[in-house]
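Working notes for the structure below.
Lettering of chains follows the sequences in order, A, B, ..., and the numbering in each one begins at 1. Being a predicted model, the structure only gives us computed values, none of them experimental.
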Number of protein chains: 2
Amino acid sequence: MTDSFLNEAPITTASDQVFVNMRREIVEGTIAQGSKISEPELAKRYGVSRATLREALNRLESCYLVERKANVGCRVVALTAERLIEVYQVRSSLEGLACRLAADNMEPDEIKGLKQLLNQHLQTQRVKEGESYYQEAGDLDFHYRIIKGSKNAHLIHLLCNDLYQLIRMYRVQMGMAGPRVSKAFDEHLAIINAIENHDGELAEMLMKRHISASQANIQTKFDLYQSE
Amino acid sequence: MTDSFLNEAPITTASDQVFVNMRREIVEGTIAQGSKISEPELAKRYGVSRATLREALNRLESCYLVERKANVGCRVVALTAERLIEVYQVRSSLEGLACRLAADNMEPDEIKGLKQLLNQHLQTQRVKEGESYYQEAGDLDFHYRIIKGSKNAHLIHLLCNDLYQLIRMYRVQMGMAGPRVSKAFDEHLAIINAIENHDGELAEMLMKRHISASQANIQTKFDLYQSE
DNA sequence: TAGAATAATAGTGTCGACAATAAGGGTGTT
DNA sequence: AACACCCTTATTGTCGACACTATTATTCTA
């Protein structure tokens, strides 16, 4: 499945196309983490000029997927344990905020949709036991809806456009599928209930814990990955 | 005074130069908020090619000072009350986090330097009573040091590079100098004490309140400005 | 042989020009 | 007179080439 729901802006220009393609390849690891990016090489590969490619690189830098140094070049971000912690600290804080705001600002039908989504995931989970569908698409969609429910455009942009691809990159490349699936479901349910009761404070706290647990989970995978 | 301490990266390339210049002009209002940006016009004005200017525009977009639409163009961000609230909600959350982390991670000499800075500001404030020096440079420096004290590189980047210029823009263009100066000093002092005692929870709470108060202050100015 | 200075080379930064798209004005029709 | 359509014009997107910088390989010297 794609992350189409993360990007409302239609893809019109060539640099948009390159941006979306490169983003996917970086997130999925097709373009290796930490690797150097050669502008002429990639420009040829995508069949565009360097100017177009550089436009895409700028966008990728904005969402923290590549890092640039003047007169030196561009390289894909390196996945490190330190960075993972840093990003999750930020994410936890921001999504906690989003969740608190969502408790105040989400419309009844939005909350209803969220509950339906969760039920749907429960069934999918039962059917496809062990597969990572729930974690990948479902979890993302769940978080995404709550973020949107905050109604804070700046926050939405920050999380959905700038931060989420990097988070996905960690999750995808660390291989997220495991025992946390069912536990995450319960946590999601508790969060929905808090939002439904307009208990922003509780909703924020639950979301922060939920994300911390998720971080601990990835951290474990990461340590395993490192010690190979 | 400049905001040089906000940007560690040296200014080497031409697009860097244009970026820094445009950023200042946008923040200070020389380039009016909400105005459309003509690439050919500005390129001529800065004496660079459009490619160079566009590079700068991309950077400005990254720190939320301009907004781009494909095939339409670029315009300076518009200062609205809604956006102010949104940005300050995010800022409050992130700087609260930074403050909590700083309580754990700041070195003793950093804390010492922070206290010295505050004393220095107290004296400056007495001398230049009524002037906005304290608010503008001092307050910014204070917050900046705490953010750096969090030792979270991602958070530092997010706040110092991406968000602070937009916040400065509101403060500068709303004309920040007023009765909050002395009150802010007391709040700063309380925050330092919490950090010194390694009380992250308290430090976070105090910082969040401090920023909320600051928001309320700007909000007032904003409402006055709007009703003129 | 090891190290430093220097030359070759690859890569990034910048430029001017062309192509494609969107906005504005004008004309024609109902 | 109002609306719709078309054309003109200005602006953005994209391209290929040149200039400058950093890296690598080579040569010279101690």
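Taking atom CG of A:Asp16 as the reference point, atom P of C:dA20 lies 18 Å away to the nearest angstrom. Atom CZ of B:Phe19 and atom C1' of C:dT14 are 18 Å apart (whole Å). Atom pair A:Leu53:CG and C:dG13:C1' shows a separation of 14 Å (rounding to whole Å applied). Taking atom OH of residue B:Tyr46 and atom P of nucleotide C:dC15, one finds them 15 Å apart after rounding to whole Å. The separation between A:Arg75 atom CZ and C:dT12 atom C1' is 15 Å, rounded to whole Å.
Side-chain contact between B:Met106 and B:Ile195 is present, with heavy atoms from C-beta onward closer than 4.5 Å. The closest side-chain heavy-atom distance from B:Leu53 to B:Leu57 is below 4.5 Å. Between B:His143 and B:His210 there is a side-chain heavy-atom pair separated by less than 4.5 Å.
Using modelled atom types and a 3.5 Å distance limit, the side chains of A:Arg68 and A:Asn58 yield a donor-acceptor pair.
Sequence neighbours left out, the pairs with a member in residues 102-113 of chain A that pass side-chain hydrogen bond (donor to acceptor under 3.5 Å, both in side chains) are A:Glu110-A:Lys151.
Listed by chain and number, the residues in a side chain to side chain contact (heavy atoms under 4.5 Å, CB included) with B:Asn21 are B:Gln17, B:Arg24, B:Tyr46 (sequence neighbours excluded).
Distances shorter than 4.0 Å separate none of the side-chain N or O atoms of B:Thr52 from OP1 or OP2 on C:dG13.
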Hey, what are the protein-to-nucleotides 11-13 of chain D N/O distances that come in under 3.5 Å?
unit_1, atom_1, unit_2, atom_2, d
D:dT12, OP1, B:Lys36, NZ, 3.3
D:dT12, OP1, B:Ile37, O, 3.2
D:dT12, OP2, B:Glu39, N, 3.3
D:dG13, OP1, B:Asn71, N, 3.2
D:dG13, OP2, B:Arg54, NH1, 2.5
D:dG13, OP2, B:Arg54, NH2, 3.1
D:dG13, OP2, B:Arg68, NH2, 3.3
D:dG13, N7, B:Arg50, NH2, 2.8
D:dG13, O6, B:Arg50, NH1, 2.9

